[in-house]
Amino acid sequence: MSDYFQGNLPLQSVSVAKNAIRSPQAETESSGELALTIAEAASDRKAGDILVLRVADVSYLADYFVMLTGYSKVQVRAIADAIQHEVETKWQRRPLRTEGKVEGSWVLQDYGDIIVHIMMPKEREFYNLEAFWVHAERIPLPQSDEDEGNPT
């Protein structure tokens with residue numbers, strides 16, 4: 001065995017477990033809390049049609065997908081920045097990779113166990129990822145304080 005260390009390994013992607021033995025259920029619960037943090041950060045930036053899908057049972061790609069709509073390229077980028085800031089502050093994690101931020105019509109943030117899709121309405125309608133992941137469990141989002149105060 002060699003003591004070779006790959007120097008370009010992104011340190012933020014290496015998770016340090018408090019407990020050496022963690023069940024897959026505990027990891028999924030933690031991922032679920034992170035997904036809700038992401039949804040809340042997006043909601044604070046007025047993202048529309050926020051959808052959290054638990055895909056762990058139907059895909060090996062991630063535990064959760066968070067899909068949401070931004071209504072301008074500036075808003076899409078602002079939502080991506082807000083999500084990254086909130087996750088970095090609360091969870092001390094950065095995305096493993098981010099794609100599409102320059103174009104601003106569809107930003108993908110990959111946190112490993114969570115994949116975030118921030119799309120303009122045209123892209124969201126065209127690609128229709130919700131239909132592709134129809135077998136995934138939809139996670140209800142907590143009501144915001146603003147929603148509770150407004151009778152409908």
Side-chain angles (χ1 to χ4, degrees), residues 9-17 22-152:
L9 178 69
L11 294 178
Q12 69 271 16
S13 69
V14 178
S15 64
V16 178
R22 291 189 66 183
S23 70
Q25 182 179 2
E27 288 180 17
T28 303
E29 288 172 5
S30 174
S31 296
E33 292 171 18
L34 175 56
L36 292 177
T37 298
I38 290 168
E40 183 180 326
S43 178
D44 289 348
R45 287 288 180 191
K46 308 296 184 210
D49 300 322
I50 301 171
L51 177 63
V52 178
L53 297 175
R54 184 176 182 277
V55 296
D57 295 335
V58 294
S59 173
Y60 63 88
L61 294 174
D63 291 340
Y64 289 87
F65 281 176
V66 181
M67 295 180 226
L68 48 110
T69 303
Y71 298 99
S72 71
K73 291 181 178 189
V74 172
Q75 185 188 22
V76 168
R77 290 184 196 108
I79 292 167
D81 289 341
I83 290 169
Q84 185 170 335
H85 179 268
E86 192 70 14
V87 171
E88 196 168 339
T89 301
K90 286 188 176 178
W91 293 84
Q92 294 74 48
R93 288 180 61 180
R94 296 185 53 131
L96 301 174
R97 67 191 61 75
T98 300
E99 299 292 335
K101 199 167 180 184
V102 173
E103 296 84 5
S105 59
W106 181 354
V107 175
L108 183 137
Q109 294 175 312
D110 182 358
Y111 285 94
D113 51 344
I114 314 282
I115 296 177
V116 183
H117 297 274
I118 310 164
M119 295 176 265
M120 296 275 291
K122 185 174 142 185
E123 283 74 14
R124 187 152 182 190
E125 182 181 345
F126 181 80
Y127 290 102
N128 197 10
L129 296 179
E130 295 91 329
F132 186 76
W133 296 104
V134 71
H135 294 97
E137 176 187 355
R138 291 175 180 249
I139 305 300
L141 300 176
Q143 293 292 329
S144 71
D145 294 337
E146 292 174 8
D147 294 341
E148 292 172 4
N150 295 331
T152 52

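Model, not experiment: these values are computed from the prediction. One is the number of the first residue; the rest follow in order along the sequence. Scope of the values below: all heavy atoms of this structure, side chains included, with no hydrogens, waters or symmetry mates.
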Flag side-chain contact, heavy atom, 4.5 Å: Val52 against Leu141: yes
Polar side-chain atom of Gln75 near backbone of Met120 as donor-acceptor pair, under 3.5 Å: no
Minimum heavy-atom distance between Trp133 and Met67, given as atom pair plus value: CD1-CE, 4.2 Å
Residue pair Gln92 / Thr89: nearest heavy atoms and the distance that separates them: NE2-O, 2.9 Å
Heavy-atom side-chain proximity of Arg138 to Leu53 below 4.5 angstrom: yes
Test item: Ser43 side-chain N/O and Ala39 main-chain N/O as donor-acceptor pair under 3.5 Å: no
CE on Met119 to CG on Leu68, rounded to 0.5 Å: 7.5 Å
Atom pair CD (Glu99) and CD (Gln109), whose distance is rounded to the nearest 0.5 Å: 11.0 Å
Backbone N/O of Gln84 and side chain of Arg94: donor-acceptor pair under 3.5 Å: no
Pairwise distance CZ(Arg77) to OG(Ser105) - rounded to 0.5 angstrom: 9.0 Å
Any residue meeting salt bridge (charged side-chain N to carboxylate O under 4.0 Å, His left out) with Arg97, in chain and number order, not counting sequence neighbours: Asp110
CD on Glu123 to CD1 on Ile118, rounded to 0.5 Å: 13.0 Å
Parallel, tilted or perpendicular: ring planes of Phe65 versus His117, cut at 30 and 60 degrees: perpendicular
Trp91 ring center near Tyr111 ring center (under 6.0 Å): no
Reported CG-to-OG1 distance for the pair Leu51 and Thr69, which is rounded to 0.5 angstrom: 9.5 Å
Gap between atom CD1 of Ile50 and atom CD1 of Ile79 - 0.5 Å precision: 7.5 Å
Arg124 side chain vs Asp49 backbone, donor-acceptor pair below 3.5 Å: yes
Residue pair Lys90 / Glu40, side-chain heavy-atom distance below 4.5 Å: yes
